[in-house]
Visitor: 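Sharing a structure, written as structure tokens. Questions coming.
These figures come from a predicted structure and were not determined experimentally.
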Amino acid sequence: MPELPEVETTCRGIAPHIENNTITKIIVRNRNLRWPIPIGLNSKLKNKKIFSVTRRAKYLLIEAEAGTLIIHLGMSGSLRILPTAEVVEKHDHFEIQFKDGICLRLRDPRRFGSVLFVKADPLNHKLLINLGPEPLSDEFNAALLFEKSRKRKTTIKQFIMDAKIVVGVGNIYASEALFLSKIHPKRLAGKLTKEQSKSLSKAIKNILKQAIKQGGTTLKDFTSSDGKPGYFSQKLKVYNRAGEPCLNCDKPIKQITLGQRSTFYCTHCQT
DNA sequence: TTAATCACCTGAGGGC
DNA sequence: TGCCCTCAGGTGATTA
């Protein structure tokens, strides 16, 4: 399930193959993703060159001569570089073919992902314009976390998963970052101390940096652009470890639901 | 403005 | 073996 490190891994994986490459054909096999894939992409992008592949939050931005494709991998999406002749499988919904015989293929079994197209600056798109800072940027820091959390009555876990506060912290890394900073997930955001803000912002940065280094997290669905799984799940300290001993204190990890999402924490270490 | 809930979708896993 | 049910999860839209 792609979170920010998985999207970053994908971005880095596909960029060398498609930057400065020329699109020969776009195939839409199933238009029905989260939002319908726009009609006429092939005529708009055929014979156009791709300039760059970048990432904003969990959105991949593929900038071409005629405009930018905005791709979100949703819950189960993956983008892979393949030979164009590679057999098409059931959930391969979208594909960009290139002059040198490769293709970029989107597979998304649950179809929560999206493929959008804009001619103007993608950062001004309504989905991107109100997003919070990138977690690994200097803009996201303890002071910002403390300031934005004042008077907020939601739990700290739901707060750090809010993309208007900081982008890219999904369910897995939210539990992990709170464990690292020893903060109980049900603590009210408004009650966060300055010291905890410092510890939490640092934990979020560290956990995401580590995950990117390891190539993302593999639980069920994620493989990187070359089809290889990520390895970060081997390092998860609380996520999906309900009942197992805490790596710090040996007390069992507890699972609760917050905001309709599974949440894992140590009742002894996190307060 | 904030918080909570719903909806979208399919595969995995458990129970019978 | 097959059917049914529940769960998982990112995020925009809707409601309170």
Visitor: Between P on dA7(B) and CG on Leu33(A), what's the gap in Å once rounded to a whole number?
Guide: 21 Å
Visitor: Under 4.0 Å between a side-chain N/O of Thr154(A) and OP1 or OP2 of dA3(B), yes or no?
Guide: no
Visitor: Decide yes or no, distance alone: a donor-acceptor N/O pair under 3.5 angstrom between the base of dT1(B) and the side-chain of Arg152(A).
Guide: no
Visitor: Donor-acceptor check, side chain of Thr263(A) to backbone of Arg261(A), threshold 3.5 angstrom: yes or no?
Guide: yes
Visitor: What's the closest nucleotide to the side chain of His91(A) if the choices are dT10(B), dA8(C), dG10(C)?
Guide: dT10(B)
Visitor: Among side-chain atoms of Thr24(A) and Gln97(A), is any donor-acceptor pair under 3.5 angstrom?
Guide: no
Visitor: Side chain of Lys153(A): nearest nucleotide among dA3(B), dC6(B), dT11(C)?
Guide: dA3(B)
Visitor: Is Arg110(A) side chain donor-acceptor paired with the dG11(B) base, going by distance under 3.5 Å alone?
Guide: no
Visitor: Just the rounded figure in Å: distance from P of dG12(C) to CG of Leu116(A).
Guide: 11 Å
Visitor: Between Lys99(A) and Asn47(A), do the side chains contain a donor N or O and an acceptor N or O under 3.5 Å apart?
Guide: no
Visitor: Whole angstroms only, please: what is the CZ-P distance between Phe264(A) and dC7(C)?
Guide: 13 Å
Visitor: To the side chain of Gln255(A), which of dG10(C), dA8(C), dG11(B) is closest?
Guide: dA8(C)
Visitor: Would you indicate which nucleotide in dG12(C), dA4(B), dG11(B) comes nearest to any side-chain atom of Pro109(A)?
Guide: dG11(B)
Visitor: So Phe159(A), base contact, sugar-phosphate only, or nothing? Heavy-atom distance under 4.0 Å.
Guide: nothing
Visitor: Taking atom types as modelled, is there a side-chain donor on Lys254(A) or Thr267(A) under 3.5 Å from an acceptor on the other?
Guide: no
Visitor: What's Lys151(A) touching, base or sugar-phosphate or nothing? Going by heavy atoms closer than 4.0 Å.
Guide: nothing
Visitor: Looking only at side-chain N and O atoms, does Tyr173(A) come under 4.0 Å of OP1 or OP2 in dG10(C)?
Guide: no
Visitor: Can you check the Ile172(A) CD1 to dA8(C) C1' distance for me, whole Å?
Guide: 10 Å
Visitor: Within this structure, what is the NZ-to-P distance between Lys164(A) and dT11(C), rounded to whole angstrom?
Guide: 12 Å
Visitor: Among Val28(A), Asp108(A), Ile27(A), find the residue that satisfies the side-chain contact (heavy atoms from CB on, under 4.5 Å) test when tested with Phe94(A).
Guide: Val28(A)
Visitor: For Arg111(A), answer base if it contacts any base atom (sugar-phosphate contacts may also be present), sugar-phosphate if it contacts only those atoms, and nothing otherwise; contact means non-hydrogen atoms under 4.0 Å.
Guide: sugar-phosphate
Visitor: Expressed in angstrom and rounded to an integer, what is the separation of Leu127(A) atom CG from dA13(C) atom P?
Guide: 7 Å
Visitor: Take atom CG of Leu188(A) and atom P of dT2(B), then tell me their distance rounded to the nearest Å.
Guide: 15 Å
Visitor: Quickly work out the Arg34(A) CZ to dG10(C) P distance and round it to whole Å.
Guide: 12 Å
Visitor: Ring of Phe112(A) versus six-membered ring of dT11(C): centres under 5.5 Å and planes under 30°?
Guide: no
Visitor: So if I take every side-chain heavy atom of Lys126(A) and compare against dA13(C), dG11(B), dT5(B), which nucleotide ends up nearest?
Guide: dA13(C)
Visitor: Between Ser262(A) and Gln255(A), is there a side-chain heavy-atom distance shorter than 4.5 Å?
Guide: yes
Visitor: Specify the residue among Lys90(A) and Thr155(A) whose closest nucleotide of DNA chain B lies further upstream toward the 5′ end.
Guide: Thr155(A)
